[in-house]
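Encoded as structure tokens, the structure appears first; notes follow it.
Chain letters run A, B, ... following the sequence lines, proteins first, then strands; residues in each count from 1. Because only heavy atoms are used, hydrogens play no part in the values below, and waters and symmetry mates are left out as well, while side chains stay in.
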There are 2 protein chains.
Amino acid sequence: MEKYEKYIEILKKNGMKVTPQRIDIMKYLDEHRIHPSAEKIYSDLKEDNPSLSKTTVYNTLEALSEHHIIQILTISGSELRYDFKTTPHHHFMCKKCGAIIDIDVDCPYLGKFMGMGHRIDEMHGYFKGVCKDCLEKEGRGENPLKTEMNIVSEV
Amino acid sequence: MEKYEKYIEILKKNGMKVTPQRIDIMKYLDEHRIHPSAEKIYSDLKEDNPSLSKTTVYNTLEALSEHHIIQILTISGSELRYDFKTTPHHHFMCKKCGAIIDIDVDCPYLGKFMGMGHRIDEMHGYFKGVCKDCLEKEGRGENPLKTEMNIVSEV
DNA sequence: ATTTTATTTTGTAAATATTACAATTTGAAA
DNA sequence: TTTCAAATTGTAATATTTACAAAATAAAAT
């Protein structure tokens, strides 16, 4: 029960009720930094808590993201992914195996956009391609990115 | 009818069969740079071509993106958006009205990440927040939470 | 111009992800 | 301990996208 203090504290600090389900989901996201989908969170947690409802998973993820405790990633396009880390960083997704890798960089353009009059709440930097492991199995192939980008990428 | 030459040329160059539906969809995307959803493309084109099938829209968008003639945006999270422009650029999405605005910047991190051995095919820079127009309405207390996606401005 | 053939289009049905809703349960304040 | 707003649960509904097979068609071959 000591291990849960961290999540209880976060919930209380955000004025959210403390429930076992919320603690479980936060703990899962904290300890499984693979940017899981709601389905994966649900099916994994369901093993130890068979009464868990999928709606609870969705409700909880929604509540946590509204309080900026977690971050929603739209990188996949077919399902949302969830990230316990909310400080700005980029992601790379392998289109072969679906893995999502963290990339720690700071985006220099954030401030630039503020001057345009819009309010910026989120920043997402996504790269997609084929990861090193998948490349070794199938060969490197060709990079379909257009010209300007390839120049930048030769660095 | 001269206007279609551009799209016929692109299709032929990519070894794709030329069909009226494909021309219509490419023309629509080219002339409506609001990053529309499949549903919007379908319902708008359906007016002049009532026999158009939604499956054709999805099939065509899939084929066009496989040939890198168009780009798929995952920015929304609830639906895919399509962009006729395939050269790298960023996007800003207003969470109030759903508008997606182009932002022309080069990402300086692509090269850095390619050094790690992965193959990078796509780059997506997404910013999210509330656009200038919605902020002004919000200030006057006139912004209902549920708004229809309105037309997007371009930068 | 006609025939042929592989591809595309179309409509329906299915799959997948997410949300709505109402009844029950529960956390935490009184 | 009581109270009550909020959370959980299961089911149903919605939304987006994909699967599939029959009909139509673009483009190549004749």
What distance separates A/Lys132 NZ from A/Cys94 SG, expressed to the nearest 0.5 Å? 13.0 Å

In this structure, how many angstroms lie between the [atom2] atom of [N] and the [atom1] atom of [X], rounded?
X       : N      : atom1 : atom2 : result
A/Met26 : D/dA7  : CE    : P     : 14 Å
A/Lys54 : D/dA12 : NZ    : C1'   : 14 Å
A/Leu52 : D/dG10 : CG    : P     : 9 Å
A/Asn14 : D/dA7  : CG    : P     : 13 Å
B/Glu39 : D/dT17 : CD    : C1'   : 12 Å
B/Tyr42 : D/dT16 : OH    : P     : 13 Å
B/Glu62 : C/dT8  : CD    : P     : 12 Å
A/Met16 : C/dA28 : CE    : C1'   : 15 Å

State, without any angle test, whether A/Asn14 and A/His68 hold a side-chain donor-acceptor pair at a distance under 3.5 Å.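 Distance-only check fails for A/Asn14 and A/His68.
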
Are there over 12 heavy-atom neighbours, none belonging to A/Lys12, within less than 6.0 Å of that residue's NZ? no

For A/Leu80 and for B/Thr55, find the nucleotide of DNA chain C with the closest heavy atom, then tell me which residue's nucleotide is more 5'.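 That would be B/Thr55.
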
So, OP1 or OP2 of [N]: does either fall under 4.0 Å of a side-chain N or O from [X]?
X       : N      : answer
B/Ser78 : C/dT18 : no
A/Thr19 : D/dA7  : no
A/Ser53 : D/dT8  : no
A/Gln21 : D/dT9  : yes
B/Tyr58 : D/dT17 : yes

Can you tell which of [options] lies closest to the side chain of [X]?
X       : options                : result
B/Lys17 : D/dA27, D/dA5, C/dG11  : D/dA27
B/Arg22 : D/dT8, D/dT17, C/dT8   : C/dT8
B/Ser51 : C/dT10, C/dA17, D/dT16 : C/dT10

Tell me whether A/Thr74 contacts the main-chain N or O of B/Thr74 through its side chain, where contact means a donor paired with an acceptor under 3.5 Å. yes

Would you mind telling me which residue lines up with the more 5' stretch of DNA chain D, A/Thr60 or B/Ala38, judged by nearest nucleotide? A/Thr60

The test is salt bridge (Lys or Arg N to Asp or Glu O under 4.0 Å); show your working for A/Asp121 and B/Lys95 and say whether it passes. CA-CA 9 Å; A/Asp121 298 331; B/Lys95 288 185 288 186; 3.4 Å; yes

